[in-house]
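Shown next, in structure tokens, is the structure this report addresses.
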Amino acid sequence: NGNRSGNRGSCAQPCRLPYKLLQDGNQVVTPGEYLLSPKDLYTIDRVSALLSLSADCWKIEGRMKRPEYVAFITKQYRQAIDAASNHEAFTPNQKDAALLFNRGFTSGHIFSSRGLDLMNPERPNHQGILLGHVVEKNSSQITILLQESLHQGDGLRILGQPDQGLVANKIYLKGKLVNSANSHEKVSFDYDLPVKVGSEVRLTSSSLQLTSLDKLPPRYEAVELSVKAKVGMPLRMTATYKSIVLVMSDSIKLEEAKNHVLTQQEWYDQLGKTKDTPYYFSPIKIDAEKNVFVPVSRINDMRRRILERLQQRLIAKPEITLLDYKFIEYKTITTKSIHVSFQTAEQFEVLKDYKVTLFTSDPTLLVNNPELGMEMPRVNEDQSFPNLKLAYVNEPGEASLLIKRKYASLYLNITNQYAVRFFLDLGCTAVELSSELSDPEIGALIQGYKDIYHCEPNLIYRIYGRKDLMVTKYCAPNTYLSK
């Protein structure tokens, strides 16, 4: 029903749940239970290769992570891209990234990661970095031999069945309370739960790291400023930020100075008071007569108001201009037809005499029965299928292929009128709607389509049969049974 749809932003994360692998009814021994749990994508060290793809925009890792992780990863990508663009060396800080969050790192399918290079079956949660091992345990304390430095407030996890977490509030070094300890030192903690000597201890958060990321220097944007101050004329400022030009003046005419005239430095001092905003003025051009009197209060007021107006322009919703666009007109299909998908030769023998359009993914049946339509692969790698006349497409790239008659499959998860139109524009005869849509949602989609495009959409809806719940390029049986 779409209430927890990963396709629409509400994934229930079934990939992070434990699974068993069975062979002939018997459970296969695997390194862990989380057989479908991917590692976290990490491609900062492959930026040069990614740049060669000439993509206009990258979607980088960071979704649903803490703000500190997003800030760190974004900064690392920015540095890596700038270095690669300037043919300079850059070494990414993977250790700090791992400390912020990781389930293990992978370069992903784009760099052909396979098996355990792609997946982490042992744990589906943050695993931090290795801190050390438990070397002593008594009724009230544990002692850890450190392999990394430790500070008060750090988060720790002791691996076991189950894992146990704690915060390093009280750190004992040689019996004395300390606020930090170094690698290769033995430290103790008050801890009365059962723990095995030799247990691995992970550092899952660093108080120093989080504090430093929380205090990242603010980013300021440069705004060009021109000031004109003439006797008998209002004070005038012009601010330019990218394509935005703002001009501001007041109604009060400036008078000739009787005593003090502002020096150039005094002008700069007043115009430089922008630290409570994300902007600073640079360059500043001041055209002021030598004998003009400008009250400091008027400079400050206009400086503040022109930056406020700039901020309002930047955060305002852009105006939408409706174009006089002539949509491609499609012939509405007025006759109903039935499509049937099948898998085996036996099913084909039963179905072939019915007046239905048949589709299969079996290559032998397709070769021997050219009237059949093809169900395109769910994971399609470099297969163009020349001379194909009839097909269900399961990937957007397949919809661009020159197929005489093609239909957009429900696995494209089409849930709105704009997506329907997109695939019709790609040449699809009709579009199969997502099975996640409710009847009221389907009705709203059809009405929305008619309101925009002034015609009925050519739609398909699946009424019977099983559907794939999960498709993955990664193959769990091959990963574990081939060992």
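The first residue of the sequence shown is numbered 1, and numbering continues consecutively from there.
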Under 6.0 Å from the [atom1] atom of [X], do we count more than 12 heavy atoms belonging to anything else shown?
{"X": "Lys59", "atom1": "NZ", "result": "no"}
{"X": "Ile338", "atom1": "CD1", "result": "no"}
{"X": "Asp468", "atom1": "CG", "result": "yes"}

Side-chain contact, heavy-atom cut-off 4.5 Å: [X] with [Y]?
{"X": "Ile158", "Y": "Ile142", "answer": "yes"}
{"X": "Met374", "Y": "Ile403", "answer": "no"}
{"X": "Phe90", "Y": "Gln79", "answer": "yes"}
{"X": "Ile414", "Y": "Glu432", "answer": "no"}
{"X": "Tyr480", "Y": "Pro121", "answer": "yes"}
{"X": "Thr360", "Y": "Gln347", "answer": "no"}
{"X": "Phe105", "Y": "Lys39", "answer": "no"}
{"X": "Leu445", "Y": "Leu437", "answer": "yes"}

Rounded to the nearest 0.5 Å, how far apart are [atom1] of [X] and [atom2] of [Y]?
{"X": "Gln417", "Y": "Ile452", "atom1": "CD", "atom2": "CD1", "result": "4.5 Å"}
{"X": "Ser361", "Y": "Leu366", "atom1": "OG", "atom2": "CG", "result": "8.0 Å"}
{"X": "Arg466", "Y": "Ser341", "atom1": "CZ", "atom2": "OG", "result": "13.5 Å"}
{"X": "Leu36", "Y": "Met119", "atom1": "CG", "atom2": "CE", "result": "5.5 Å"}
{"X": "Phe111", "Y": "Leu41", "atom1": "CZ", "atom2": "CG", "result": "9.0 Å"}
{"X": "Ser206", "Y": "Asp154", "atom1": "OG", "atom2": "CG", "result": "5.0 Å"}

Donor-acceptor under 3.5 Å ([X] side chain, [Y] main chain):
{"X": "Asn120", "Y": "Glu122", "value": "yes"}
{"X": "Ser149", "Y": "Asn182", "value": "no"}
{"X": "Thr238", "Y": "Val247", "value": "no"}
{"X": "His126", "Y": "Leu99", "value": "yes"}
{"X": "Ser113", "Y": "Leu118", "value": "no"}
{"X": "Glu68", "Y": "Leu100", "value": "no"}
{"X": "Ser409", "Y": "Tyr392", "value": "no"}

Contact summary for [X] and [Y], nearest pair of heavy atoms:
{"X": "Asn380", "Y": "Met376", "answer": "ND2-CE, 4.3 Å"}
{"X": "Leu51", "Y": "Ala84", "answer": "CD1-CB, 3.5 Å"}
{"X": "Leu372", "Y": "Leu390", "answer": "C-CD2, 4.3 Å"}
{"X": "Ala168", "Y": "Phe189", "answer": "CB-CE2, 3.8 Å"}
{"X": "Leu193", "Y": "Lys137", "answer": "O-CE, 3.0 Å"}
{"X": "Val201", "Y": "Val134", "answer": "CG2-CG2, 3.8 Å"}

Electrostatic pair Asp163-Arg123, nearest N-O below 4.0 angstrom: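 Arg123 and Asp163: salt-bridged.
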Please lay out, stage by stage, how Leu426 and Ser400 fare under the test side chain to side chain contact (heavy atoms under 4.5 Å, CB included). CA-CA 6 Å; Leu426 286 178; Ser400 301; 4.0 Å; yes
Name of the residue among Phe359, Phe342, Tyr354 meeting ring pair (Phe, Tyr, Trp, His ring centres under 6.0 Å) with Phe348: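 Of the listed residues Phe359, Phe342, Tyr354, the ring pair (Phe, Tyr, Trp, His ring centres under 6.0 Å) partner of Phe348 is Phe342.
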Go through the steps for Val223 and Ile306 under the test side chain to side chain contact (heavy atoms under 4.5 Å, CB included), then give the verdict. CA-CA 11 Å; Val223 178; Ile306 203 166; over 6 Å; no
Apply side chain to side chain donor-acceptor pair (under 3.5 Å) to the pair Tyr77 and Thr43, showing each step before the final yes or no. CA-CA 9 Å; Tyr77 268 104; Thr43 55; 2.6 Å; yes
Lys NZ or Arg CZ of Lys467 over Tyr411 ring: under 6.0 Å, within 45°: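 Cation-pi check for Lys467 and Tyr411: fails.
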Could you go through Ile81 and Trp58, starting from their C-alpha distance and side-chain angles, then the distance that decides it, and tell me whether this counts as side chain to side chain contact (heavy atoms under 4.5 Å, CB included)? CA-CA 11 Å; Ile81 292 169; Trp58 293 354; 3.6 Å; yes
So which pairs with a foot in residues 19-38 pass side chain to side chain donor-acceptor pair (under 3.5 Å), sequence neighbours left out? Arg16-Ser37
Assess whether side chain to side chain donor-acceptor pair (under 3.5 Å) is satisfied between Asp45 and Gln94, documenting all intermediate values. CA-CA 9 Å; Asp45 53 350; Gln94 189 178 92; 4.7 Å; no
Residue pairs fulfilling salt bridge (charged side-chain N to carboxylate O under 4.0 Å, His left out) with at least one residue in residues 91-114, sequence neighbours excluded: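 Listed by first then second residue: Asp40-Arg103, Lys95-Glu148.
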Could you walk me through whether Leu225 and Tyr279 pass the side chain to side chain contact (heavy atoms under 4.5 Å, CB included) test, one step at a time? CA-CA 11 Å; Leu225 184 70; Tyr279 311 104; over 6 Å; no
